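What follows is one structure encoded as structure tokens, with my remarks underneath.
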2 protein chains.
Amino acid sequence: MDTPKAKRVTIADVSEASGMSKAAVSLILNNKPGTRLSVEATERVRAAAKELGYRPNVAAQSLRSGKTRTLGLISDQVTVTRFASEMITGILSAAEKRDHTVLIAETFGKPDQLVEAIEQMAHRDVDGLILGFMDSRRRDLKLPQTGLPTVLVNGLDESPSVAVLPNEAMSGAQAVQRVLESGARSVALIGALEGAEKDPETYPSISRRFASLRGALAESSLEVLGNWVLEDWNPTDGYAATTQMLAEGFRPDAIICANDRVAMGVFQALAEKGLVPGEDLSVLSFDDEIIASYLRPRLTSIRLPYEKMGALAVDLLLDRKLEPGEHQIDMPLIERDSMKGE
Amino acid sequence: MDTPKAKRVTIADVSEASGMSKAAVSLILNNKPGTRLSVEATERVRAAAKELGYRPNVAAQSLRSGKTRTLGLISDQVTVTRFASEMITGILSAAEKRDHTVLIAETFGKPDQLVEAIEQMAHRDVDGLILGFMDSRRRDLKLPQTGLPTVLVNGLDESPSVAVLPNEAMSGAQAVQRVLESGARSVALIGALEGAEKDPETYPSISRRFASLRGALAESSLEVLGNWVLEDWNPTDGYAATTQMLAEGFRPDAIICANDRVAMGVFQALAEKGLVPGEDLSVLSFDDEIIASYLRPRLTSIRLPYEKMGALAVDLLLDRKLEPGEHQIDMPLIERDSMKGE
DNA sequence: GTCATGTGCTAAATGCATTTAGCGGATTCT
DNA sequence: AGAATCCGCTAAATGCATTTAGCACATGAC
């Protein structure tokens, strides 16, 4: 029908072409140490392999070795926010560097889909599993016992596990530092989430972010204006809090926002009063979502380093660094136009 | 070291446990038609397989059949915008429905990386290839001859190929229809891209979007105000055009924006003049990126249906519908708060 | 009773790469 | 010279599922 039977080149073909046995070919092409094959033989084989365009059959290799050179990524959400995509990018490039490929599945946050996906992956004999989460809660994952080496990215399990998290313990201090450099004397903190902040076991990232923030604030000379607790971290929430704050007569030199979506609402409220971030006051935020660069002026934000987190997960898996515990990645401050000073 | 040798359950184990041959087990478990095995035998085998938790070894199956039940997705960008993620979601669920898994690679738009990725995928014996693009230009892809069935999503090749595109030929008419329903008499079209609009061969989506828009506008009773050509489709461009438009005294009943990023800039310019979309005038946009729902008021937008496009690509591949040509997916209008009427 | 069919099932080949045990010849040691 | 060692290389086993050819027995036709 199609091409006249584009037969696959196998090791047998290379063996025949080079006049050596299949065993010799395999030994040579895999650079096995301790073998005693002659230089000419080695060269003949390599030449023949190249000539024929030989590529070992991955299925056959897997069948023999039990290894697939494939990693599984199971994410709760691929679709929303820049995070999942960036994590995927990090994982993809790290895996490619080490000659592995990546199988992807998505659970939409449903526990049974997670189990299903894990079993799928186990069935496909992946060499390791990465579980990615879009919000870093601690969950009771109830992972099926597959024996697969597993790393969680941006999440924790009730059971001990290997986890990669953003270094939120430093993030707040960094923010306060930058606010001080802006020359501010007073600051408003918009976006505490009451439940989350007081439950560090369940919400490691949020609680650490705020603990770090409040600790640094307390040690600083900054005057903290009001206490702006939100229901949620959406633009509407930031907008409402800021409108209220301005109506109550507060006029901070700087605003620290819980995240970029909150900051977006803050920007809108400020714009309505003719206040321009970066000129009339400073605004600093967390996460560095895509909207941070869309906003006018562009938003300075402390970035969630998903790409590096994904890459580290791959390395941990492939280097067999699998003692349960947390690995943390620093969060860089992405300087744009919403902060005064510097 | 680990578990005491968690040996894999093979077909031989099932064979032994059920007292039937391996051949019989394979025949039964695969529901081969035309076989004449007794009902009791069939049941014994199924019971044994279930009991032991037998799962066929994928590598062995692939080795035998030459099929891997794996699809390759190569995307130029996973990281930016919601599109790639959504395409991945569509592909993932469609593939899962048909019991296939998906291998993913990213090229960052670099042609040599594309070739590299395709060869990787071919080497891994994927059953089909999906090439995803974030902006739908026609490109000279120079695909290596792998013989792999291939579908392009949101892109075209110079050579004939199977492609899935959004149905932009309808999108403009739909937009104009909605603007008429809003009760508008006049409209401004913000965001023509001169080069792209006049080069339908290279920019099928943009040119069709605008051709459709202009055609429908000409047939309608609407007065079209000004001609707002942009350099690029970023918030800044939309902001600048709108500011200028308002300064020149234009005051359209409705604004149609080239895409959501442009609309974001339009919103900012309107806000500065105290104009509220959905109340003082209507704003309609294209793409339905995440920011569309972040904006205040939330932006009504005609959606790029990436998820369905991805899913269709999978079906085309698995159904072997591979005659070169275009498949189009309708673009739904996502109603939110920025349009009057209805 | 004999030949032809039908029935239920299995042995063995196959796909491909990897790895171990070991063969035959050359060299070195005693 | 005979034994021990080394060298360069290969035959064959292995991993697992699928599929084809065909075996042994039962049933039916004449």
Side-chain angles (χ1 to χ4, degrees), chain A residues 5-46 48-49 52-70 99 122-127, chain B residues 5-46 48-49 52-70 99 122-127:
Chain A
K5 213 53 171 293
K7 279 280 288 177
R8 171 177 263 291
V9 178
T10 76
I11 202 170
D13 300 321
V14 179
S15 157
E16 197 173 347
S18 64
M20 297 290 288
S21 69
K22 294 192 296 170
V25 174
S26 174
L27 260 14
I28 288 167
L29 261 21
N30 289 301
N31 286 313
K32 283 284 162 190
T35 181
R36 298 167 303 201
L37 295 152
S38 67
V39 181
E40 314 106 87
T42 304
E43 277 170 4
R44 255 201 343 272
V45 166
R46 279 201 220 288
L52 298 174
Y54 169 70
R55 296 280 220 150
N57 179 320
V58 176
Q61 286 180 315
S62 300
L63 180 57
R64 265 251 78 197
S65 65
K67 299 267 162 248
T68 53
R69 303 195 79 74
T70 300
D99 194 29
H123 179 204
R124 295 250 170 186
D125 285 314
V126 297
D127 297 338
Chain B
K5 211 55 171 293
K7 279 281 288 175
R8 173 178 261 291
V9 179
T10 75
I11 203 169
D13 301 320
V14 179
S15 157
E16 196 173 349
S18 64
M20 300 289 288
S21 69
K22 295 192 295 168
V25 174
S26 173
L27 260 14
I28 288 168
L29 261 22
N30 289 302
N31 286 314
K32 283 284 160 189
T35 180
R36 298 168 303 202
L37 295 154
S38 68
V39 181
E40 314 106 84
T42 304
E43 277 170 5
R44 261 206 333 278
V45 167
R46 279 201 220 289
L52 297 173
Y54 169 70
R55 297 280 219 149
N57 179 319
V58 176
Q61 285 181 315
S62 301
L63 180 57
R64 217 33 290 259
S65 65
K67 299 267 162 248
T68 52
R69 304 196 78 74
T70 300
D99 193 29
H123 179 205
R124 294 251 170 186
D125 285 315
V126 298
D127 297 338

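Every value quoted in this text rests on a predicted model; they were computed, and no experiment measured them. These values consider heavy atoms only, across backbone and side chains, with no hydrogens, waters or symmetry-generated copies. Chain naming here is simple, since letters A, B, ... match the order of the sequence lines and numbering starts at 1 in each.
Distance from the side chain of A:Ile11 is smallest to C:dA17 among C:dC9, C:dA17, D:dT19. Of all nucleotides listed (D:dT19, D:dC16, C:dT19), D:dT19 comes nearest to the side chain of B:Ala23. Out of D:dT10, C:dC9, D:dT19, the shortest distance to the side chain of B:Ala41 is found at C:dC9.
One finds the CG atom of B:Leu37 at 8.0 Å from the OG atom of B:Ser21 (value rounded to the nearest 0.5 Å).
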**OP:** Test B:Arg124 against A:Thr70 for side chain to side chain donor-acceptor pair (under 3.5 Å), laying out the working first.
**Re:** CA-CA 10 Å; B:Arg124 294 251 170 186; A:Thr70 300; 3.1 Å; yes

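Atom CZ in A:Arg8 sits roughly 13 Å away from atom P in C:dG15 (whole-Å rounding). Taking atom CZ of residue B:Arg64 and atom P of nucleotide C:dA13, one finds them 13 Å apart after rounding to whole Å. At whole-Å resolution of the value, CD1 in B:Ile28 and P in D:dT19 are 15 Å apart.
Within the 4.0 Å cut-off from OP1 or OP2 of D:dT18, at least one side-chain nitrogen or oxygen of B:Asn30 is found. Between A:Tyr54 and the phosphate of C:dC16, there is no side-chain N or O to OP1/OP2 separation shorter than 4.0 Å. Under 4.0 angstrom from either OP1 or OP2 of C:dC16 there lies no side-chain N or O belonging to A:Gln61. Here A:Ser38 reaches the OP1 or OP2 of D:dC9: one of its side-chain N or O atoms lies under 4.0 Å away.
Counting atom types as modelled, B:Arg36 pairs a side-chain N or O with a base atom of C:dG8 as donor and acceptor under 3.5 Å.
We find that B:Asp125 and A:Arg55 are not joined by a salt bridge, their nearest charged nitrogen and carboxylate oxygen being 4.0 Å or further apart.
Closest-nucleotide positions on DNA chain C for B:Ala24 and A:Arg55 were compared, and the one nearer the 5' end corresponds to B:Ala24.
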